[in-house]
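No hydrogens, no waters, no symmetry mates; every other heavy atom, side chains included, goes into these values. Remember, it's 1-based here, ligands and their atoms both numbered in the order they're listed. All residue numbers in this chain count up from 1 along the given sequence.
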Amino acid sequence: MISVDEALERIFALLTPLETETIPLRHALGRTVLSPVAALRTQPPFDASAMDGYAIATKQASPGDQFTVVGESAAGHAFDGVLQERQAVRIFTGALVPLGGHRVVIQEDVRVSGDTISLSEGLDTGLHIRPAGQDFTAGQEITFKDPLRPVDLALLAALGHGTVAVTRKPKVAIIATGDELVAPGEVPGPAQIVASNHLGLAALVERAGAEARLLPIARDTKASLGATFDLARGSDLIVTIGGASVGDHDLVADVAAARGLERSFYKIAMRPGKPLMAGRLDGIPMIGVPGNPVSSMVCGEIFIRPAIDMLLGRAGRARTTHQAPLARPIGPNGAREHYMRATLCDGALTIAERQDSSLLSVLAHANALVRRPPNDKARAAGDRLDYIAI
Ligand SMILES: Nc1nc2c(c(=O)[nH]1)N[C@H]1C(S)=C(S)[C@@H](COP(=O)(O)OP(=O)(O)OC[C@H]3O[C@@H](n4cnc5c(N)ncnc54)[C@H](O)[C@@H]3O)O[C@H]1N2
Ligand code: MOO
């Protein structure tokens, strides 16, 4: 069996970053913009007032100085003239500072009498002018955080763009398999259970920036599984759930092989997740995760999220690990790399007592997966271990 690292590298080797598409900014939240974007305009486009008050032609002014108000400059409505010594223009926040204007005196520091203003005691010394281009200038290239946040959309709009080139959303087909499964909300018959993994993985891939295509649950027959694979055409990644092990009804490997799967690997030294498989089916990368609910979700965290990152054009990287001390001792690990459900609380990791890969409630309670190398020795309280935040 290959290692987790090797499996991830082989999955990356199956993937090619997707092309970009141009979409309206309104729909760009959470999308990926990898190339810097040039500003189409300068911001502010002119010297602008930062306050409501009076523009005057000098930086030096003292209490008692008087000025004649000769006009007004409001946001969206400029004063056309040139400001002369001893003149003032009534001005508002965001308005263009008239030619000749060098300072804005805030209105709280001014006494008004007819057309004349005089400056009061305690005059503040600020110029209150935002110079043209102090935020950005036309042609300046700006790199964006990935995924795009609300503030990034605002900035893109301010740069003068109505649309943006983002990496196309990967379409991920998700196929749950098994005669025992009924759709969520349906009542299972005897010997049946409610399918849950496909919903969890659909949410996981959508949160990672992909579009999930939930296909109908495939039954444990070659015909049903084959028909479901047909529906996955046009996807960028196929994820199958279950049917991966060695039982008589575990058909995913056989049916995929009969359809020409170019298999990259099958079975890895990981717990949970041993029967993971990956390859390329009809030219589409495919990852087959085991059916046990925790195995499905853990494989989603460890393999599918990085795979989506790569399709989105990000660097192909394993999940970031952190370190924290153990709250309580744990015994030695077995021969597979173990991703143990754990809770990080007050800086210390508590490993869940029950680690069976069917226990969704335990995984849902966890906020960390503690990664233990194969054959890791027993660990004492206080030992620092690697974990992945989930
Ligand atoms: N003789 C052996 N048996 C098993 C081995 C082995 O090496 N030798 N490996 C075990 C391991 S490890 C795993 S993991 C499971 C994985 O099996 P499959 O991927 O074939 O999964 P299924 O048998 O289809 O299902 C396992 C379990 O999960 C439930 N399931 C399946 N799909 C869903 C779904 N979409 N939502 C919720 N629950 C689902 C299914 O009912 C089973 O209970 O094999 C071990 N066996
Ligand atoms: O590897 Mo299985 O995924 O132990 O539960």
Within-shell test, Gly247 vs ligand 1, heavy atom, strictly < 4.0 Å: no
Cation-aromatic face contact Arg259/Phe229, 6.0 Å, 45 degrees: no
Short N or O distance, His198 and ligand 1, threshold 3.5 Å exclusive: no
Which segment of Val246 sits under 4.0 Å of ligand 1 when only heavy atoms are counted: side chain
Contact check: Gly242 vs ligand 1, nitrogen or oxygen atoms, below 3.5 angstrom: no
Where ligand 2 meets Asn292 - atom numbers and elements under 4.0 angstrom, heavy-atom basis: 5 (O)
Pro272: numbered ligand 2 atoms lying under 4.0 Å from its heavy atoms: 1 (O), 3 (O), 4 (O), 5 (O)
Those atoms of ligand 1 less than 4.0 Å from some heavy atom in Glu180: 31 (C), 40 (C), 41 (O)
Identify each donor-acceptor pair in which a side-chain atom of residues 310-323 lies under 3.5 Å from a protein atom, sequence neighbours left out, and give them as a table.
from	atom 1	to	atom 2	distance (Å)
Arg314	NE	Asp146	OD2	2.6
Arg314	NH1	Asp309	OD1	2.6
Arg314	NH2	Thr32	OG1	3.1
Arg314	NH2	Asp146	OD1	2.9
Arg319	NH1	Glu301	O	3.0
Arg319	NH1	Glu301	OE1	2.6
Arg319	NH2	Ala389	O	3.1
Gln323	NE2	Asp386	OD1	3.0

Polar atom proximity, Arg271 to ligand 2 (N or O, under 3.5 Å): no
Options Asn197, Asp220, Val182, Asp179, ranked by nearest heavy atom to atom 35 (N) of ligand 1, top entry: Asn197
From CA spacing to verdict: side-chain hydrogen bond (donor to acceptor under 3.5 Å, both in side chains), Arg41, Gln43: CA-CA 7 Å; Arg41 40 184 302 283; Gln43 182 82 337; 3.0 Å; yes
Closest to atom 14 (S) of ligand 1 among Leu360, Thr177, Asn292, Leu199 (heavy-atom distance): Asn292
Option set Lys267, Lys274, His249, Met270, criterion heavy-atom distance to atom 7 (O) of ligand 1, minimum: Lys274
Nearest-option assignment for atom 28 (O) of ligand 1, heavy atoms, candidates Pro290, Gly291, Ser358: Gly291
Those atoms of ligand 2 less than 4.0 Å from some heavy atom in Lys274: 1 (O), 3 (O)
Ligand 2 atoms in contact with Ser295 (distance to a heavy atom under 4.0 Å): 2 (Mo), 3 (O), 5 (O)
Ligand 1 atoms in contact with Ala176 (distance to a heavy atom under 4.0 Å): 35 (N)
Shortest protein heavy-atom distance from atom 5 (O) of ligand 2, along with the residue and atom involved: Ser357 OG, 2.5 Å
Min heavy-atom dist Gly178 to ligand 1 below 4.0 Å: no
Per-residue contact class, Ile217 against ligand 1 - non-hydrogen pairs under 4.0 Å: neither
Ligand 1 atoms in contact with Ala195 (distance to a heavy atom under 4.0 Å): 36 (N)
Heavy-atom gap Ser357 to ligand 1 smaller than 4.0 Å: no
For Ala244, atoms of ligand 1 separated by under 4.0 Å from a heavy atom: 18 (P), 19 (O), 20 (O)
Where ligand 2 meets Arg336 - atom numbers and elements under 4.0 angstrom, heavy-atom basis: 1 (O), 4 (O)
For ligand 1, the portion of Ser245 having any non-hydrogen atom under 4.0 Å away: both
Side-chain donor-acceptor pair present, Ser120, Asp109, cut-off under 3.5 Å: no
Pro275 to ligand 1, any heavy atom closer than 4.0 Å: yes
Winner among Ala269, Gly273, Ser358, Ala244 once heavy atoms are compared against atom 2 (Mo) of ligand 2: Gly273
Contact (N/O only, under 3.5 Å) between Asp250 and ligand 1: yes
